[in-house]
2 protein chains.
Amino acid sequence: MDNTPDHCRVATTMEMIIGKWKIAIMLNLIHYGTMRFSELRHVMPGVTQKVLTSQLRDLEQEGIVKRVVYPQVPPKVEYSMTEYGMSLQTILEMMHEWGKAHLQRKTQMLFSKDTDNQNDKNN
Amino acid sequence: MDNTPDHCRVATTMEMIIGKWKIAIMLNLIHYGTMRFSELRHVMPGVTQKVLTSQLRDLEQEGIVKRVVYPQVPPKVEYSMTEYGMSLQTILEMMHEWGKAHLQRKTQMLFSKDTDNQNDKNN
DNA sequence: ACCTATAGTTTCTTCAAAGAAACTAACCAA
DNA sequence: TTGGTTAGTTTCTTTGAAGAAACTATAGGT
(Lines give C-alpha, C1' and ligand atoms only; values in the text may rest on other atoms or scores of the structure.)
Protein backbone atom coordinates (compact mmCIF):
# COMPACT_ATOMS: atom_id res chain seq x y z
CA MET A 1 0.00 0.00 0.00
CA ASP A 2 2.96 2.28 0.43
CA ASN A 3 5.42 0.28 -1.59
CA THR A 4 3.76 0.15 -4.95
CA PRO A 5 4.41 3.50 -6.59
CA ASP A 6 7.78 3.25 -4.94
CA HIS A 7 9.06 0.74 -7.42
CA CYS A 8 8.64 3.13 -10.28
CA ARG A 9 10.55 5.94 -8.65
CA VAL A 10 13.40 3.76 -7.56
CA ALA A 11 13.80 2.44 -11.05
CA THR A 12 13.88 5.99 -12.28
CA THR A 13 16.62 6.77 -9.83
CA MET A 14 18.71 3.85 -10.93
CA GLU A 15 18.43 4.94 -14.50
CA MET A 16 20.27 8.11 -13.73
CA ILE A 17 23.12 5.97 -12.64
CA ILE A 18 22.87 3.47 -15.40
CA GLY A 19 23.64 5.13 -18.67
CA LYS A 20 25.45 2.99 -21.16
CA TRP A 21 28.93 3.65 -19.71
CA LYS A 22 28.35 4.72 -16.14
CA ILE A 23 28.68 1.29 -14.62
CA ALA A 24 31.93 0.73 -16.47
CA ILE A 25 33.26 4.10 -15.36
CA MET A 26 32.41 3.44 -11.74
CA LEU A 27 33.85 -0.06 -11.75
CA ASN A 28 37.07 1.22 -13.21
CA LEU A 29 37.33 4.05 -10.72
CA ILE A 30 36.69 1.64 -7.87
CA HIS A 31 39.32 -0.70 -9.24
CA TYR A 32 42.02 1.82 -10.04
CA GLY A 33 41.23 4.41 -7.39
CA THR A 34 42.03 7.55 -9.33
CA MET A 35 42.20 7.98 -13.07
CA ARG A 36 42.88 10.72 -15.51
CA PHE A 37 40.51 11.42 -18.36
CA SER A 38 42.82 9.83 -20.88
CA GLU A 39 43.24 6.73 -18.75
CA LEU A 40 39.50 6.25 -18.62
CA ARG A 41 39.36 6.59 -22.37
CA HIS A 42 42.12 4.05 -22.66
CA VAL A 43 40.44 1.34 -20.58
CA MET A 44 37.17 2.02 -22.34
CA PRO A 45 37.85 2.20 -26.04
CA GLY A 46 34.55 2.51 -27.79
CA VAL A 47 33.28 5.48 -25.86
CA THR A 48 33.75 8.83 -27.52
CA GLN A 49 35.18 11.83 -25.71
CA LYS A 50 31.88 13.62 -25.83
CA VAL A 51 29.96 10.77 -24.28
CA LEU A 52 32.63 10.04 -21.69
CA THR A 53 32.62 13.67 -20.63
CA SER A 54 28.87 13.84 -20.31
CA GLN A 55 28.66 10.59 -18.34
CA LEU A 56 31.34 11.89 -15.97
CA ARG A 57 29.48 15.16 -15.57
CA ASP A 58 26.31 13.28 -14.69
CA LEU A 59 28.08 11.19 -12.09
CA GLU A 60 29.77 14.25 -10.69
CA GLN A 61 26.50 16.05 -10.40
CA GLU A 62 24.98 13.16 -8.48
CA GLY A 63 27.85 13.36 -6.02
CA ILE A 64 29.18 9.96 -7.01
CA VAL A 65 32.37 11.02 -8.75
CA LYS A 66 34.87 13.67 -7.73
CA ARG A 67 36.66 15.75 -10.35
CA VAL A 68 39.95 17.47 -9.58
CA VAL A 69 41.53 19.84 -12.07
CA TYR A 70 45.24 20.59 -11.90
CA PRO A 71 45.96 23.96 -13.46
CA GLN A 72 48.69 22.79 -15.80
CA VAL A 73 49.42 22.66 -19.46
CA PRO A 74 48.74 20.22 -20.89
CA PRO A 75 45.69 19.84 -18.68
CA LYS A 76 45.45 17.22 -15.98
CA VAL A 77 42.13 16.17 -14.54
CA GLU A 78 41.71 13.34 -12.09
CA TYR A 79 38.53 11.41 -11.42
CA SER A 80 37.73 9.27 -8.42
CA MET A 81 34.76 7.91 -6.53
CA THR A 82 33.44 10.01 -3.69
CA GLU A 83 32.77 8.40 -0.34
CA TYR A 84 29.11 8.54 -1.21
CA GLY A 85 29.80 6.91 -4.55
CA MET A 86 31.56 4.11 -2.75
CA SER A 87 28.28 3.20 -1.10
CA LEU A 88 27.48 1.68 -4.49
CA GLN A 89 30.51 -0.58 -4.48
CA THR A 90 28.80 -3.74 -3.25
CA ILE A 91 25.92 -3.37 -5.67
CA LEU A 92 28.24 -2.69 -8.59
CA GLU A 93 30.43 -5.65 -7.81
CA MET A 94 27.46 -7.94 -7.46
CA MET A 95 26.22 -6.73 -10.82
CA HIS A 96 29.65 -7.38 -12.20
CA GLU A 97 29.67 -10.96 -10.91
CA TRP A 98 26.11 -11.66 -11.94
CA GLY A 99 26.75 -10.28 -15.39
CA LYS A 100 29.80 -12.45 -15.88
CA ALA A 101 27.88 -15.54 -14.87
CA HIS A 102 25.00 -14.55 -17.10
CA LEU A 103 27.29 -14.28 -20.10
CA GLN A 104 28.76 -17.69 -19.36
CA ARG A 105 25.31 -19.16 -19.05
CA LYS A 106 24.31 -17.80 -22.42
CA THR A 107 27.48 -19.08 -24.04
CA GLN A 108 26.86 -22.50 -22.61
CA MET A 109 23.32 -22.48 -23.92
CA LEU A 110 24.60 -21.79 -27.41
CA PHE A 111 26.87 -24.82 -27.26
CA SER A 112 24.35 -27.13 -25.67
CA LYS A 113 21.88 -26.22 -28.37
CA ASP A 114 24.18 -27.71 -31.01
CA THR A 115 24.53 -30.97 -29.15
CA ASP A 116 20.98 -31.06 -27.91
CA ASN A 117 19.82 -33.74 -30.35
CA GLN A 118 22.65 -36.08 -29.51
CA ASN A 119 22.23 -35.38 -25.83
CA ASP A 120 23.00 -38.76 -24.26
CA LYS A 121 25.51 -39.80 -26.88
CA ASN A 122 28.13 -37.31 -25.80
CA ASN A 123 28.08 -37.94 -22.08
CA MET B 1 45.14 -7.46 -17.24
CA ASP B 2 42.23 -9.80 -17.66
CA ASN B 3 39.63 -7.68 -15.98
CA THR B 4 39.68 -4.54 -18.00
CA PRO B 5 37.72 -5.25 -21.14
CA ASP B 6 35.46 -7.23 -18.85
CA HIS B 7 33.85 -4.15 -17.42
CA CYS B 8 32.46 -3.15 -20.76
CA ARG B 9 30.83 -6.45 -21.44
CA VAL B 10 29.32 -6.76 -18.02
CA ALA B 11 27.79 -3.34 -18.30
CA THR B 12 26.38 -4.42 -21.62
CA THR B 13 24.83 -7.43 -20.00
CA MET B 14 23.23 -5.39 -17.28
CA GLU B 15 21.71 -3.09 -19.82
CA MET B 16 19.71 -5.92 -21.24
CA ILE B 17 18.16 -6.25 -17.86
CA ILE B 18 17.77 -2.59 -17.15
CA GLY B 19 15.35 -1.10 -19.59
CA LYS B 20 13.14 1.63 -18.24
CA TRP B 21 10.58 -0.73 -16.69
CA LYS B 22 12.38 -4.00 -16.18
CA ILE B 23 13.53 -3.32 -12.65
CA ALA B 24 10.03 -2.31 -11.68
CA ILE B 25 8.59 -5.43 -13.29
CA MET B 26 11.02 -7.70 -11.51
CA LEU B 27 10.54 -6.03 -8.14
CA ASN B 28 6.81 -6.39 -8.47
CA LEU B 29 7.00 -10.02 -9.48
CA ILE B 30 9.32 -10.74 -6.57
CA HIS B 31 6.96 -8.96 -4.23
CA TYR B 32 3.68 -10.40 -5.45
CA GLY B 33 4.90 -13.79 -6.65
CA THR B 34 2.69 -14.25 -9.66
CA MET B 35 0.85 -11.62 -11.61
CA ARG B 36 -1.43 -11.41 -14.59
CA PHE B 37 -0.68 -9.01 -17.39
CA SER B 38 -3.47 -6.68 -16.32
CA GLU B 39 -2.22 -6.68 -12.74
CA LEU B 40 1.21 -5.60 -13.84
CA ARG B 41 -0.34 -2.84 -15.86
CA HIS B 42 -2.33 -1.81 -12.83
CA VAL B 43 0.61 -1.50 -10.46
CA MET B 44 2.61 0.29 -13.12
CA PRO B 45 0.38 2.92 -14.63
CA GLY B 46 2.44 4.91 -17.04
CA VAL B 47 3.72 1.99 -19.05
CA THR B 48 1.87 1.28 -22.27
CA GLN B 49 0.75 -2.19 -23.25
CA LYS B 50 3.22 -2.33 -26.07
CA VAL B 51 6.17 -1.46 -23.91
CA LEU B 52 5.09 -3.74 -21.07
CA THR B 53 4.74 -6.62 -23.48
CA SER B 54 8.15 -6.08 -25.01
CA GLN B 55 9.88 -5.73 -21.67
CA LEU B 56 8.26 -8.95 -20.51
CA ARG B 57 9.33 -10.70 -23.71
CA ASP B 58 12.91 -9.56 -23.15
CA LEU B 59 12.93 -10.83 -19.60
CA GLU B 60 11.34 -14.07 -20.70
CA GLN B 61 13.95 -14.56 -23.36
CA GLU B 62 16.74 -14.06 -20.85
CA GLY B 63 15.22 -16.79 -18.71
CA ILE B 64 14.40 -14.39 -15.92
CA VAL B 65 10.62 -14.40 -16.19
CA LYS B 66 8.28 -17.30 -16.79
CA ARG B 67 5.14 -16.85 -18.85
CA VAL B 68 2.21 -19.22 -18.49
CA VAL B 69 -0.74 -19.01 -20.83
CA TYR B 70 -4.09 -20.48 -19.82
CA PRO B 71 -6.14 -21.35 -22.89
CA GLN B 72 -9.26 -19.48 -21.88
CA VAL B 73 -11.43 -16.73 -23.15
CA PRO B 74 -10.92 -14.01 -22.12
CA PRO B 75 -7.22 -14.83 -22.07
CA LYS B 76 -5.29 -15.39 -18.88
CA VAL B 77 -1.53 -15.10 -18.77
CA GLU B 78 0.52 -15.31 -15.63
CA TYR B 79 4.01 -13.99 -15.13
CA SER B 80 6.46 -14.92 -12.41
CA MET B 81 10.18 -14.92 -11.74
CA THR B 82 12.06 -18.06 -12.68
CA GLU B 83 14.44 -19.61 -10.21
CA TYR B 84 17.25 -18.15 -12.24
CA GLY B 85 15.61 -14.74 -12.15
CA MET B 86 15.44 -14.97 -8.38
CA SER B 87 19.22 -14.98 -8.33
CA LEU B 88 18.84 -11.26 -8.97
CA GLN B 89 16.70 -10.70 -5.91
CA THR B 90 19.44 -9.46 -3.60
CA ILE B 91 20.84 -7.08 -6.19
CA LEU B 92 17.42 -5.71 -7.04
CA GLU B 93 16.51 -5.16 -3.42
CA MET B 94 19.79 -3.43 -2.74
CA MET B 95 19.18 -1.19 -5.71
CA HIS B 96 15.74 -0.52 -4.36
CA GLU B 97 17.10 0.49 -0.97
CA TRP B 98 19.95 2.52 -2.37
CA GLY B 99 17.61 4.32 -4.74
CA LYS B 100 15.24 5.21 -1.95
CA ALA B 101 18.07 6.62 0.13
CA HIS B 102 19.40 8.50 -2.87
CA LEU B 103 16.07 10.19 -3.44
CA GLN B 104 15.89 11.17 0.21
CA ARG B 105 19.39 12.59 0.04
CA LYS B 106 18.51 14.71 -2.95
CA THR B 107 15.35 15.95 -1.30
CA GLN B 108 17.32 16.91 1.78
CA MET B 109 19.85 18.75 -0.34
CA LEU B 110 17.09 20.84 -1.84
CA PHE B 111 15.88 21.86 1.59
CA SER B 112 19.29 22.47 3.06
CA LYS B 113 20.14 24.72 0.15
CA ASP B 114 17.44 27.15 1.25
CA THR B 115 18.69 27.29 4.81
CA ASP B 116 22.36 27.14 3.93
CA ASN B 117 23.05 30.79 4.60
CA GLN B 118 21.54 30.75 8.06
CA ASN B 119 23.27 27.53 8.85
CA ASP B 120 24.28 28.01 12.49
CA LYS B 121 21.30 30.15 13.38
CA ASN B 122 18.88 27.28 13.08
CA ASN B 123 20.65 24.73 15.16
C1' DA C 1 -26.53 -8.50 -33.32
C1' DC C 2 -23.90 -6.27 -29.86
C1' DC C 3 -21.08 -5.59 -25.66
C1' DT C 4 -17.49 -6.90 -22.48
C1' DA C 5 -13.12 -8.66 -20.92
C1' DT C 6 -8.11 -9.89 -21.51
C1' DA C 7 -3.89 -9.89 -23.69
C1' DG C 8 -2.06 -8.58 -26.78
C1' DT C 9 -0.39 -6.43 -32.03
C1' DT C 10 0.17 -2.72 -35.44
C1' DT C 11 1.30 1.68 -37.14
C1' DC C 12 2.94 6.09 -36.74
C1' DT C 13 5.35 9.63 -34.31
C1' DT C 14 8.66 11.73 -31.14
C1' DC C 15 12.68 12.46 -28.57
C1' DA C 16 16.86 11.89 -26.19
C1' DA C 17 21.03 9.44 -26.13
C1' DA C 18 24.80 8.18 -28.63
C1' DG C 19 28.31 8.23 -32.41
C1' DA C 20 31.52 10.48 -35.82
C1' DA C 21 34.49 13.92 -36.85
C1' DA C 22 36.42 18.18 -36.63
C1' DC C 23 37.71 22.09 -33.79
C1' DT C 24 39.73 24.64 -29.42
C1' DA C 25 42.90 26.25 -25.69
C1' DA C 26 47.16 26.56 -23.63
C1' DC C 27 51.90 26.03 -23.21
C1' DC C 28 56.34 23.83 -24.31
C1' DA C 29 59.95 21.95 -27.21
C1' DA C 30 62.54 21.61 -31.51
C1' DT D 1 56.20 28.20 -36.77
C1' DT D 2 55.17 23.82 -36.59
C1' DG D 3 53.94 20.03 -33.94
C1' DG D 4 52.66 17.60 -29.73
C1' DT D 5 49.99 16.89 -25.50
C1' DT D 6 45.56 16.73 -22.70
C1' DA D 7 40.94 17.58 -21.88
C1' DG D 8 37.72 18.83 -23.51
C1' DT D 9 33.62 21.38 -26.92
C1' DT D 10 30.87 21.81 -31.15
C1' DT D 11 28.13 20.38 -34.89
C1' DC D 12 25.76 17.19 -37.39
C1' DT D 13 23.75 12.70 -38.06
C1' DT D 14 21.90 8.30 -36.62
C1' DT D 15 19.49 5.09 -33.90
C1' DG D 16 16.65 2.95 -30.78
C1' DA D 17 13.53 3.20 -27.28
C1' DA D 18 9.30 4.76 -25.94
C1' DG D 19 4.61 6.81 -26.29
C1' DA D 20 -0.13 7.34 -28.36
C1' DA D 21 -3.86 5.40 -30.36
C1' DA D 22 -6.30 2.30 -32.88
C1' DC D 23 -7.04 -2.47 -34.14
C1' DT D 24 -7.48 -7.87 -33.28
C1' DA D 25 -9.13 -12.40 -31.50
C1' DT D 26 -12.20 -15.14 -28.94
C1' DA D 27 -16.08 -16.69 -26.25
C1' DG D 28 -19.81 -15.86 -23.16
C1' DG D 29 -23.52 -13.10 -21.73
C1' DT D 30 -28.11 -10.31 -22.84
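Order of the sequence lines fixes the chain letters, A, B, ..., with proteins taken first and strands second; residue numbering starts at 1 for each chain.
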Check the orientation of B:His102 and A:Tyr84. Use parallel for under 30°, tilted for 30 to 60°, and perpendicular for over 60°. parallel

Which pairs with one or both residues in residues 66-87 of chain B pass salt bridge (Lys or Arg N to Asp or Glu O under 4.0 Å), sequence neighbours excluded? B:Lys76-B:Glu78

Which atom pairs link the protein and nucleotides 17-24 of chain C when you take only N or O atoms and keep those under 3.5 Å?
unit_1, atom_1, unit_2, atom_2, d
C:dA18, OP2, A:Gln55, NE2, 3.1
C:dA18, N7, A:Lys50, NZ, 3.3
C:dG19, OP2, A:Trp21, NE1, 3.4
C:dG19, N7, A:Lys50, NZ, 3.4
C:dG19, O6, A:Lys50, NZ, 2.7

Taken to the nearest whole Å, CD/B:Gln72 to P/C:dG8 is 13 Å

Atom-pair distance (CG on B:Leu52; P on C:dT9), nearest Å: 11 Å

Give me the atom names and distance for the closest heavy-atom approach of A:Trp21 to A:Val51. CD1-CG1, 3.7 Å

Whole angstroms only, please: what is the CZ-C1' distance between B:Arg57 and D:dA18? 17 Å

Report the distance from atom CG of B:Leu56 to atom P of C:dT9, rounded to the nearest whole Å. 11 Å

Can you list every salt bridge (Lys or Arg N to Asp or Glu O under 4.0 Å) pair that touches residues 30-53 of chain A, not counting sequence neighbours? none

Using side-chain hydrogen bond (donor to acceptor under 3.5 Å, both in side chains) as the criterion, list what pairs up with A:Gln72, not counting sequence neighbours. none

ILVMFWY clustering at 4.5 Å (side-chain atoms), partners of B:Val73: none

Report, one pair per line, the protein and nucleotides 1-6 of chain C atoms (nitrogen or oxygen only) whose separation is under 3.5 Å.
unit_1, atom_1, unit_2, atom_2, d
C:dT6, O3', B:Arg36, NH2, 3.1
C:dT6, O3', B:Pro75, O, 2.8

Please enumerate all residues that pass side-chain hydrogen bond (donor to acceptor under 3.5 Å, both in side chains) together with A:Ser87, with sequence neighbours excluded. B:Trp98

Contacts of type side-chain hydrogen bond (donor to acceptor under 3.5 Å, both in side chains), residue B:Glu93, not counting sequence neighbours: B:Gln89

Return the value, rounded to whole Å, for the distance between atom CD of A:Glu78 and atom P of D:dA7. 9 Å

How far does the helix from C:dA1-D:dT30 to C:dA30-D:dT1 bend, going by the axes of its first and last five pairs, to the nearest 10°? 30°

OP1, OP2 of C:dG8 versus side-chain N and O of B:Tyr79: anything below 4.0 Å? yes

Looking only at heavy atoms, what is the nearest atom pair of A:Gly85 and A:Thr82, with distance? N-OG1, 2.8 Å

Could you pull out the closest heavy-atom pair between B:Ala24 and B:Met44, with the gap in Å? CB-SD, 3.6 Å

Could you tell me which non-hydrogen atom of A:Thr34 sits nearest to which non-hydrogen atom of A:Ser80, and how far apart they are? OG1-CB, 3.7 Å

What's the CG-P distance between A:Leu40 and D:dA7, to the nearest Å? 10 Å

